[in-house]
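See structure below.
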There are 2 protein chains.
Amino acid sequence: MAKIKPAKNSSKKDVIITKAATLFRTRGFNATSMREIAAAVGVEAPSLYNHIGSKSELLQAVCFKVADEFTTQLTAAENNKQDTLAKIETVIRFHIKMMLDEFDEVYVANRDWKHLPEPFLNNFLQQRRSYEKRLAALIEEGIKKKELKNINPYVAVLTMLSAVRGLELWQRHKKNISIQTLEDDMVNHLLNGMKK
Amino acid sequence: MAKIKPAKNSSKKDVIITKAATLFRTRGFNATSMREIAAAVGVEAPSLYNHIGSKSELLQAVCFKVADEFTTQLTAAENNKQDTLAKIETVIRFHIKMMLDEFDEVYVANRDWKHLPEPFLNNFLQQRRSYEKRLAALIEEGIKKKELKNINPYVAVLTMLSAVRGLELWQRHKKNISIQTLEDDMVNHLLNGMKK
DNA sequence: ATCAAAAACTAATAAGCGTTAGTTTTGTAT
DNA sequence: ATACAAAACTAACGCTTATTAGTTTTTGAT
């Protein structure tokens, strides 16, 4: 009889991906060896290949998991029955949440996507461009409805996405700022910068 | 007689560092081989060692050149006889300028500093922490003088530095936005977010 | 207890890495 | 022209890498 995947909602493959994400984040994708990942999992390197296909597959898993979550959430925000400003706030807060809850994965997806092999690289970049376009469209809508200042939508997208990404830096000051202060101050800083 | 270094203000070592910076930026430090750098310079890999000591020395050159420029300029801004808000604007505009003028170097310093060997890694991080502290102090001063809103200074620093760093993303949209629009919209977005 | 599948192990491979050694070419000052 | 140093070259080293092959151990259902 075929064995059924462990009832637990985390297979060994998932464990490997999670450990890999942490190592990729701290040491970088190229600087992380399969032997290191294996050691973190508690196994010898070749054993990993009973569960995964290649090192690059691990990077793909991390990058596309993150990309899909962002895409899904943006769709939800777009379909909200709120004014545009509230939609944008929802998106920003989701970015902050992701940065805190899935730090390793988001960090790696942001920095190491360049090492994806084709055709995944192209796929990833297309998804990202589409995300930025939809976010810019949201801002443009806000400008038309006079909820927002007349700034270039792409500059606003760029400023927002980057500022949130900067939570990477924040990890160093963790102890001194509460998460709530951080989130609210950042959201306000970003929104007040474009509010009319 | 000892030969004097070429009168030109760019030695061969400088050429190597510049080419390396470009490759580091596009492919990442670890993913860039000495053979690739050599090819970009138009030479075989071992020949590089007539001019430089090691691959890591190239990374050091890039990282500390950038760090020193930022530190120097911050000192200048601090000593300006302007109000605090203007000082901060000066700093932001310098960051944007650096991002445009020395893109490869700044990008590499931002992303690949982790691969600096000790004691350079510690040195670099100390310089960076000090920079962030001084910038936060500037913002705190602005708050005390009631030029700025009462936000957490570190959150503001984090938001500013990251947003500017996000010009990395902008490279893709180069054609559609003028540099002036970009700079002004971003500065306004950031400053209006904290102005009282 | 048995047996098959899953997953671990050891050993090894081919390729690529930064770097060194040793030699030849190039450039310049006399 | 000669001589010397700078800088190029080829060849090769020692090491690490991801991955494969082949074998043994572990696991779980009957």
Side-chain angles (χ1 to χ4, degrees), chain A residues 1-8 10-24 26-63 108 112 114-118 120-121, chain B residues 1-8 10-24 26-63 108 112 114-118 120-121:
Chain A
M1 268 272 146
K3 194 164 78 179
I4 293 166
K5 271 280 169 69
K8 295 284 205 176
S10 87
S11 67
K12 186 127 200 181
K13 183 167 179 173
D14 291 335
V15 173
I16 295 171
I17 293 171
T18 301
K19 298 281 189 185
T22 303
L23 283 165
F24 288 167
T26 49
R27 321 228 314 105
F29 174 72
N30 270 303
T32 302
S33 71
M34 292 303 279
R35 285 163 179 81
E36 285 175 302
I37 297 172
V41 174
V43 102
E44 293 298 319
S47 304
L48 296 174
Y49 289 85
N50 286 319
H51 306 280
I52 62 158
S54 66
K55 185 185 179 186
S56 139
E57 188 190 293
L58 294 173
L59 182 61
Q60 292 162 38
V62 171
C63 289
V108 169
D112 286 331
K114 281 192 187 184
H115 303 112
L116 286 170
E118 294 293 0
F120 304 99
L121 178 58
Chain B
M1 268 273 146
K3 194 163 77 177
I4 293 167
K5 271 281 169 70
K8 294 286 203 175
S10 88
S11 67
K12 187 128 199 181
K13 183 168 178 172
D14 292 335
V15 172
I16 295 171
I17 293 171
T18 301
K19 298 280 189 185
T22 303
L23 282 165
F24 289 166
T26 50
R27 321 231 311 106
F29 174 72
N30 269 305
T32 303
S33 72
M34 292 303 279
R35 285 163 178 85
E36 284 176 301
I37 297 172
V41 174
V43 101
E44 294 297 319
S47 304
L48 295 174
Y49 290 84
N50 285 320
H51 306 281
I52 62 157
S54 66
K55 184 186 179 186
S56 138
E57 188 189 294
L58 294 173
L59 182 61
Q60 292 162 38
V62 171
C63 289
V108 169
D112 287 331
K114 280 191 187 185
H115 302 112
L116 286 170
E118 295 292 2
F120 303 99
L121 177 59

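If you're wondering where the values come from, they're calculated on a predicted model, not measured in any experiment.
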Check B/A21 against B/V108 and note the closest heavy-atom contact, atom names and distance.
O-CG2, 3.6 Å
Whole angstroms only, please: what is the NZ-C1' distance between A/K13 and C/dA8?
18 Å
Begin with the C-alpha distance, continue with both residues' side-chain angles, and end with the deciding distance and a verdict on salt bridge (Lys or Arg N to Asp or Glu O under 4.0 Å) for B/R27 and B/E36.
CA-CA 10 Å; B/R27 321 231 311 106; B/E36 284 176 301; 2.8 Å; yes
Identify whether any heavy atom of B/T32 sits under 4.0 Å from a base atom; if not, whether one sits that close to sugar-phosphate; answer base, sugar-phosphate or nothing.
sugar-phosphate
Let me know the distance between CD1 of A/I37 and C1' of D/dT17, rounded to the nearest Å.
12 Å
Under 4.0 angstrom between B/K12 side-chain N/O and D/dA6 OP1 or OP2:
no
Please say whether more than 12 non-hydrogen atoms of neighbouring residues, nucleotides or ligands are located less than 6.0 Å from NZ in B/K55.
yes
Exercise: identify the closest heavy-atom pair between A/A40 and A/K19
O-CE, 3.6 Å
Whole angstrom is fine here: how far is it from CE in A/M34 over to C1' in C/dA8?
15 Å
Taking DNA chain C as the partner, which of residues 43-54 of chain A come within under 4.0 angstrom of it by heavy atom?
A/V43, A/E44, A/P46, A/S47, A/N50, A/H51
For a quick check, tell me whether the side chain of B/R35 and the base of C/dG18 share a donor-acceptor pair closer than 3.5 Å.
yes
Can you tell me how far P of C/dA15 sits from CD of B/E36, to the nearest Å?
18 Å
Between B/F24 and B/F29, what is the ring plane arrangement, given parallel below 30°, perpendicular above 60°, and tilted in between?
perpendicular
Nearest-Å distance, CZ (A/R27) to C1' (D/dT16)?
12 Å
Closest non-hydrogen atom pair between B/L116 and B/L121, with its separation:
O-CB, 3.6 Å
